[in-house]
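Structure first, commentary second.
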Amino acid sequence: MKLNPPENRVAILSETIACMAGFVGGTLAAYYLLVASMESRALALGWATIIAQSAILGALVSALLTSRLRQKRRRRRAATVIAPIRDQMVACAMGIAPADSLSRYNHSYPLETEACMVESLGLLRGEQRARLSLAAEKIGLTNRWRRHTRSWFSGTRRQAAANMGLLDLPANHDIFEVLLRDHDVFVRIEALRALARIAEPEELLELFEFAAGESPMVQALMSDALRPAAPTLCEAAIACITEWKDPGRIAAALEMIRAWQLSLPLPLGPLLEHPQAQVRARAFALLPYAAGLEPMEESVIRGLGDPDPAVRVAAAEVAGKLKVDAAVPLLAAMVREVGPEVARAAAFALAGLGPRGARELEAEIVRGAAGASQALEALEKLRVGRSGESLPA
Amino acid sequence: MNLLSLCHSIFVALEDGVIVYVAAINVIYFGLLLLGYFVLRRRPRELEREELEVLTKSPMVPPVAVLAPAHNEAATIRDSVRAMLALNHPSHELIVINDGSQDDTLRILIDEFRLYKSSRAPTADLASKPVRGIYESREPIALVVIDKENGGKADSLNAGLNVTRAPLVAVVDSDSLLESNALLYAQRPFLDDPDVLAVGGIIRVINGCEVSDGRVARIGVGRSVLAATQVIEYFRAFLGARVAFGFFNCLLIVSGAFGLLRRDAVMEAGGFDSSTVGEDMELVVRLHRRARESRRRYRIVFVPEPVCWTQVPERLRILRTQRNRWQRGTVETLRKHKRMFANPSYGLLGMFAIPYYAAFEAFGPLVELTGYVITLAGVAIGWITPAIAIVFFIVSIGFGLILSLSAIVLAELTTRRYPEVRDILWLFVISVVENLGLRQLITVWRAQGLIDGLRRKQGWGAMERTRFRSSKRASREGL
């Protein structure tokens with residue numbers, strides 16, 4: 001994310017410098033006007049500064065009062081006009097009133113009309129939304145939003161993208177594709193959401209791949225936006241994910257799929273043997289949702305012997321969750337490992353495996369294994385009835 | 001005769017120096033506030049309600065450990081812990097560090113949250129005072145209590161860092177109140193950019209607000225002049241200077257009352273420095289320094305959204321102690337990192353931020369006091385006419401007024417949190433009144449703090465805390 005991309009930085013600095021120059025210029029102008037009539041130059045400078053300061057103070061007070069008054073006026077106006085605008089909008093959506101019957105309101109109360117339109121579009125579906133989208137196009141709201149997608153202010157672009165996303169107008173596809181390259185993450189998210197709403201099934205996979213290459217926040221928000229298409233996306237993604245070149249993107253995609261928490265027949269085999277450890281670890285985390293397609297026990301046992309500690313940790317967590325009894329000896333051996341994270345994951349997995357796991361933990365504590373303290377912690381969690389919770393960070 | 005003219009020359013030079021200094025400091029302050037305004041106006045829109053709801057449930061949001069040192073907090077600890085456990089986040093863990101409290105803090109925590117002595121072992125070994133025990137709850141709540149010998153706030157935070165395994169740590173004061181979405185707001189930059197090392201959030205003054213169920217129910221200013229003055233000060237500091245310094249990636253302070261840090265970066269830097277009273281500023285400067293010396297890409301960000309509410313002193317004695325400590329903290333940090341001063345290899349940080357802090361924040365009070373003294377002396381001797389002295393006094397007040405009003409307007413235009421117009425008007429009145437004595441008094445205390453800092457005086461000083469003011473509804477319902 002770029003909080004202040006270059007064009008914003010230049011604009012911000014220019015605005016600041018312009019204001020400062022205005023202040024200094026104003027002070028100097030006042031000074032030159034006063035200096036002839038004052039007994040000393042210092043006094044003239046002092047008074048000039050006071051005049052410039054007074055101007056700034058006046059501007060500040062007016063800014064504050066204007067902001068409050070405008071807010072109050074908006075609230076009062078909204079209270080009177082929102083209801084009739086809403087009624088007219090319902091009539092438009094039902095097909096009772098013509099699409100351009102909202103023009104009058106849009107002309108006199110543009111902000112209120114826009115707010116009502118956004119609200120109504122968000123609530124309606126199907127034909128009613130299509131009719132209202134047409135009305136938005138006819139009264140010029142869509143054009144305004146299109147213009148706003150090119151605004152210098154990211155907040156305006158984001159709002160415009162969100163509003164455009166509510167419309168049932170296929171012609172907006174290109175605009176969203178442009179917005180996908182916006183430097184503001186929220187504009188990209190709105191564009192992704194809008195595209196997810198109008199995309200064909202095959203295009204959804206492209207969006208999913210795009211989201212997987214984005215920041216974790218986009219991934220988290222998009223995994224939610226794509227949830228309605230999750231069952232089809234899961235299968236399609238798992239089938240082609242191995243062809244992606246970027247292992248980071250594959251790992252992120254697996255994480256997004258895991259976030260859906262859907263129990264699906266996912267063929268995870270190739271991913272569990274992927275050359276990249278981060279992909280293997282994420283694939284193991286997904287294993288509990290893989291609904292019986294994989295030979296679970298075998299995979300878990302193989303994972304516990306993985307050369308990479310992160311994969312061993314992921315496999316141990318799965319062993320505890322799926323109660324893989326055959327993993328007990330390997331888990332016990334892992335408790336003896338020097339790496340505290342591996343030992344801890346193994347100890348918590350054993351705690352999840354019931355009495356046999358607990359006995360192993362006790363034995364490791366008595367033996368004074370490297371991970372004895374982790375074993376003790378896991379055993380305590382078991383005793384207080386908290387071993388079933390997911391492993392703390 | 002010669003001696004007199006020499007004295008006069010020195011006087012004139014000093015006076016000119018002070019005038020140039022005062023003009024420079026005010027113009028820079030005003031410039032920073034303006035910059036802050038334009039940055040805030042163009043900043044990306046924040047997470048919306050639906051997005052916050054998604055993130056609150058998402059397993060993809062990395063865990064955060066909230067580190068809350070507590071020392072003799074028996075009066076407020078129960079409510080504070082409950083409020084912090086109720087924060088909106090998919091996986092946050094609260095780590096309360098009982099820093100050798102002599103009151104019932106630990107007992108209350110054990111009883112209230114059904115704690116047991118856990119075998120949870122530290123995962124790192126940052127230096128801290130001996131830990132007497134680590135406690136976890138029998139309830140399904142992510143609460144860990146570390147009981148340790150008294151060692152101060154930095155020492156406690158190090159103990160917390162040793163125990164947590166979360167990749168991000170939020171540093172909070174246990175008697176502060178966080179807004180429910182504060183963690184998610186603060187975590188947002190980390191979710192967007194892997195180069196972010198720390199995020200500072202805005203701190204607001206809770207005095208005058210009504211609190212219910214560990215949340216601020218009604219925002220207000222309160223009638224205390226001292227508290228209202230600090231409301232304006234906090235606005236000036238957070239919405240102006242910190243936003244502006246963040247813009248240049250030169251943010252030197254992530255407040256100890258609320259900040260989010262990347263644990264690996266903090267561990268790599270050696271944790272908090274227990275030998276300073278300004279541990280928050282010192283750590284951030286150290287993070288900057290290490291990143292710049294190793295030529296790594298990094299960012300330390302200020303976000304104005306996460307709101308942490310804190311109590312400010314309403315007694316002069318306590319305020320004096322606090323300002324003295326802050327001043328010493330600044331001096332200690334600048335002295336420790338003096339190598340960065342005007343050093344171009346640290347970029348804008350070395351060439352602007354550090355010199356700015358040294359010239360205006362550390363030594364500012366001394367120069368301001370010198371200005372008052374020589375003006376009064378000049379008028380007494382007759383070297384300055386009373387007219388000029390009065391005009392310059394008005395100019396000085398005018399600058400103070402502009403800064404205060406700009407800060408109030410900035411808060412109003414960006415965060416718009418005071419519902420009552422009378423609160424805004426009261427702040428206007430206070431911004432005038434503060435210049436007529438209080439500002440000068442604080443300058444004296446800060447100058448004393450500067451001298452104490454230069455003399456390497458140690459000690460934290462007492463901070464008085466009171467219970468939060470409950471809302472009327474809550475009071476009626478006996479909450």
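All chains are named by letter (A, B, ...) in the order of the sequence lines, taking the proteins before the strands, and each is independently numbered beginning at 1. Just the heavy atoms: all of them, side chains too, but no hydrogens, waters or symmetry mates, feed the values below.
- The candidate with the highest count of non-hydrogen atom pairs below 4.5 Å against chain A, out of B/I19, B/V61, B/T123, B/L401, is B/L401.
- For the options B/F399, B/F30, B/F392, heavy-atom pairs under 4.5 Å to chain A are most numerous at B/F399.
- Between A/E15 and B/R41, at least one side-chain N (NZ, or NE/NH1/NH2) sits under 4.0 Å from a carboxylate O, which counts as a salt bridge.
- No part of B/S91 comes within reach of chain A, as not one of its non-hydrogen atoms sits under 4.5 angstrom from that chain.
- Most heavy-atom pairs under 4.5 Å with chain B, from the set A/V24, A/L221, A/T49: that is A/L221.
- Chain B forms the most heavy-atom pairs under 4.5 Å with one residue out of A/L376, A/L57, A/V61, and that residue is A/L57.
- For B/F393, no part sits under 4.5 Å from any heavy atom of chain A, backbone or side chain.
- With B/F247 as the aromatic partner, A/R9 meets the cation-pi criteria of under 6.0 angstrom to the ring centre and within 45 degrees of the ring axis.
- For B/V395, the parts lying under 4.5 angstrom from a heavy atom of chain A are both the backbone and the side chain.
- Using a 4.5 Å cut-off between heavy atoms, A/S223 contacts chain B through its side chain alone, with no backbone atom that close.
- In this structure, the portion of B/I424 lying under 4.5 Å from any heavy atom of chain A is its side chain and not its backbone.
- Counting heavy-atom pairs closer than 4.5 Å to chain A, the top residue among B/A387, B/A65, B/G398 is B/G398.
- No side-chain heavy atom of B/L191 sits under 4.5 Å from any side-chain heavy atom of A/S215.
- Of all the listed residues (A/L13, A/V187, A/L45), the one sharing the greatest number of non-hydrogen pairs under 4.5 Å with chain B is A/L13.
- Taking all atoms of both residues into account, the shortest heavy-atom contact from A/T16 to B/G31 is CG2-O, 3.7 Å.
- Electrostatic pairing of A/R193 and B/E51 counts as a salt bridge here, judged by a charged N lying under 4.0 Å from a carboxylate O.
- Between B/K117 and A/E377 no salt bridge is recorded (no basic side-chain N to carboxylate O distance below 4.0 Å).
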